[in-house]
Amino acid sequence: MEKPMEWTEQAEDAIAKVPFFVRKKVRKRVEKEAAQTGKNQVTLGEVKATQTRFLSGMDAEIKGYQVETCFGSEGCPNRIASADDLVEQIEALFKQEDILSLLRQQVKGDLKFHHEFRVAVAQCPNGCSQPQIKGIGIISAARPGVTEEACIGCGACVDACQEGAIALTGDGEQPEIDFDRCLMCAKCVKACPTGTLATATQGYRVQLGGRLGRHPRLAMELPGIHTQTQVIEIVKQCIRFYREKSRHGERFSNLLTRAEFEKMVQK
Ligand code: SF4
Ligand code: SF4
Ligand code: SF4
């Protein structure tokens, strides 16, 4: 296995100052360039040199969209289910739609990373890829249900639920789920030794229109849990909407007002 690259404290401080939306890319690039010159440690000098090269050639790096994922696929115990296939499908869709050409026609001057259409996929409600502040945020979800299997009243589900969404009722052997609190993380299902709790519906929550910047806003959530096919349809709908409304390469989140979102929900 390849040894991870070491970073000096000064190099870490310098990378922490790179704007967050390009930090991951610059970090990867620094490591790649350091490795190519046979180094196993990144110093301040390497960060500065790569950063300058990267920022001066930014236009060539832009692909018109970014699909960010969390680290769920790298063995995170909180992951509900793999979203790798969905991510591939979304990437393919954006490539096919050629948003980059649209942006090049609409934006005067060089394209910047903030022009790109941003999508984030998180494989549990912890949302490490920050779906709440992206144009389209997708979160894996597993809605629990109570099966016919007898409950032994062990309380493991109550302990596992960080939301306080489960109570044992009756004589302490009947789990009851408060779906107003439940974030559909499947932790109770994983904890239940008897199968009394099982996943009733699995899919994705979808949030739209989140952003940071001058007028930050958390994304608005579409109701329900969506299948992979439905998520792809929603992404297509968002791209169509963007094509219709964008005039100067505005961000999708700025175009999607609350009223436009409500219209989308009703469709
Ligand atoms: S969002 Fe969940 S599954 Fe993904 S890395 Fe974070 S904790 Fe793990
Ligand atoms: S799915 Fe998660 S949030 Fe919902 S009841 Fe189970 S542990 Fe609690
Ligand atoms: S974890 Fe399962 S068996 Fe234990 S109290 Fe909860 S539902 Fe009952």
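Ligands are counted one by one from 1 in listed order, and the atoms in each one are counted from 1 as well.
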Check your understanding: Can you list the ligand 1 atoms lying under 4.0 Å from a non-hydrogen atom of Gly127?
Key -> 1 (S)
Practice item. Can you sort out which atoms of ligand 2 are near Ile166, meaning under 4.0 Å from one of its heavy atoms? Key: 5 (S)
Point to revise | Under 4.0 Å to a heavy atom of Leu183 - the qualifying atoms of ligand 2, by number | key: 3 (S), 4 (Fe)
Review point. Of the non-hydrogen atoms in Gln123 and Cys70, which two are nearest, and what is the gap between them?
Key: N-SG, 3.2 Å
Practice item. Inspect the surroundings of CD in Glu9 and state if more than 12 heavy atoms from other residues, nucleotides or ligands are less than 6.0 Å away. Key: no
Check your understanding: Would you say the side chains of Thr194 and Glu149 form a donor-acceptor pair under 3.5 Å?
Key -> no
Point to revise | Minimum-distance protein heavy atom relative to atom 1 (S) of ligand 1 | key: Cys128 N, 3.4 Å
Review point. If you measure from the Lys or Arg side-chain nitrogens to the Asp or Glu carboxylate oxygens, is any gap between Lys236 and Glu97 under 4.0 Å?
Key: no
Practice item. Just jot down the ligand 2 atoms closer than 4.0 angstrom to any heavy atom of Pro144, in number order. Key: 1 (S)
Study note, to complete from the structure: Near atom 8 (Fe) of ligand 3, protein N/O/S count under 2.8 Å comes to 1
Practice item. Show which atoms of ligand 2 fall inside a sub-4.0 Å distance from at least one heavy-atom site of Cys188. Key: 1 (S), 5 (S), 6 (Fe), 7 (S)
Practice item. Just need the protein heavy atom nearest to atom 2 (Fe) of ligand 1, so name the residue and atom and give the distance. Key: Cys124 SG, 2.3 Å
Review point. With atoms numbered from 1 as shown, which atoms in ligand 1 lie under 4.0 angstrom from a non-hydrogen atom of Gly72?
Key: 3 (S), 4 (Fe), 5 (S)
Exercise for review: Just need the protein heavy atom nearest to atom 8 (Fe) of ligand 1, so name the residue and atom and give the distance.
Suggested key: Cys76 SG, 2.3 Å
Practice item. Under the salt bridge (charged side-chain N to carboxylate O under 4.0 Å, His left out) rule, what do Glu116 and Lys63 come out as? Steps first, then yes or no, please. Key: CA-CA 7 Å; Glu116 292 191 312; Lys63 56 179 186 174; over 6 Å; no
Review point. Can we say Arg258 and Glu262 salt-bridge, meaning some charged N sits less than 4.0 Å from an Asp/Glu carboxylate O?
Key: yes
Review point. Do Ile90 and Leu86 come within less than 4.5 Å of each other through their side chains, counting heavy atoms only?
Key: yes
Practice item. Just jot down the ligand 2 atoms closer than 4.0 angstrom to any heavy atom of Ala186, in number order. Key: 1 (S), 2 (Fe)
Check your understanding: Which ligand 2 atoms are under 4.0 Å away from a heavy-atom of Cys182?
Key -> 1 (S), 3 (S), 4 (Fe), 5 (S)
Point to revise | Part of Cys185 within contact of ligand 2 (heavy atoms, under 4.0 Å) | key: both
Exercise for review: State, to 0.1 Å, how close Cys157 and Leu197 come at their nearest heavy-atom pair, and which atoms those are.
Suggested key: CB-CD1, 3.4 Å
Practice item. State the atoms of ligand 2, each with its element, that fall below the 4.0 Å cut-off from a heavy-atom position in Cys161. Key: 3 (S), 5 (S), 7 (S), 8 (Fe)
Practice item. Compute whether any side-chain donor of one residue and acceptor of the other, for Gln202 and Thr199, lie under 3.5 angstrom apart. Key: no
**Study point:** Nearest-contact summary for atom 4 (Fe) of ligand 1 - protein heavy atom, Å
**Key:** Cys70 SG, 2.4 Å
Practice item. Report the distance from atom CD of Gln207 to atom CD1 of Ile136, rounding to the nearest 0.5 Å. Key: 12.0 Å
Review point. Identify the closest protein heavy atom to atom 5 (S) of ligand 1: which residue and atom is it, and at what distance?
Key: Phe71 N, 3.4 Å
Exercise for review: With heavy atoms under 4.0 Å as the rule, classify the contact between Met184 and ligand 2 as side chain, backbone, both or neither.
Suggested key: backbone
Point to revise | Sub-4.5 Å side-chain heavy-atom contact between Gln41 and Thr8 | key: yes
Check your understanding: Between Asp85 and Gln228, is any side-chain donor less than 3.5 angstrom from a side-chain acceptor?
Key -> yes
Exercise for review: Output the list of atoms in ligand 2 that are nearer than 4.0 Å to some heavy atom of Glu163, sorted by atom number.
Suggested key: 3 (S)
Exercise for review: Report yes or no: is the cationic atom of Arg118 (NZ for Lys, CZ for Arg) closer than 6.0 Å to the six-membered ring centre of Tyr65, at no more than 45° off its axis?
Suggested key: no
Point to revise | Between Ser246 and Gln106, a side-chain donor and acceptor under 3.5 Å | key: yes
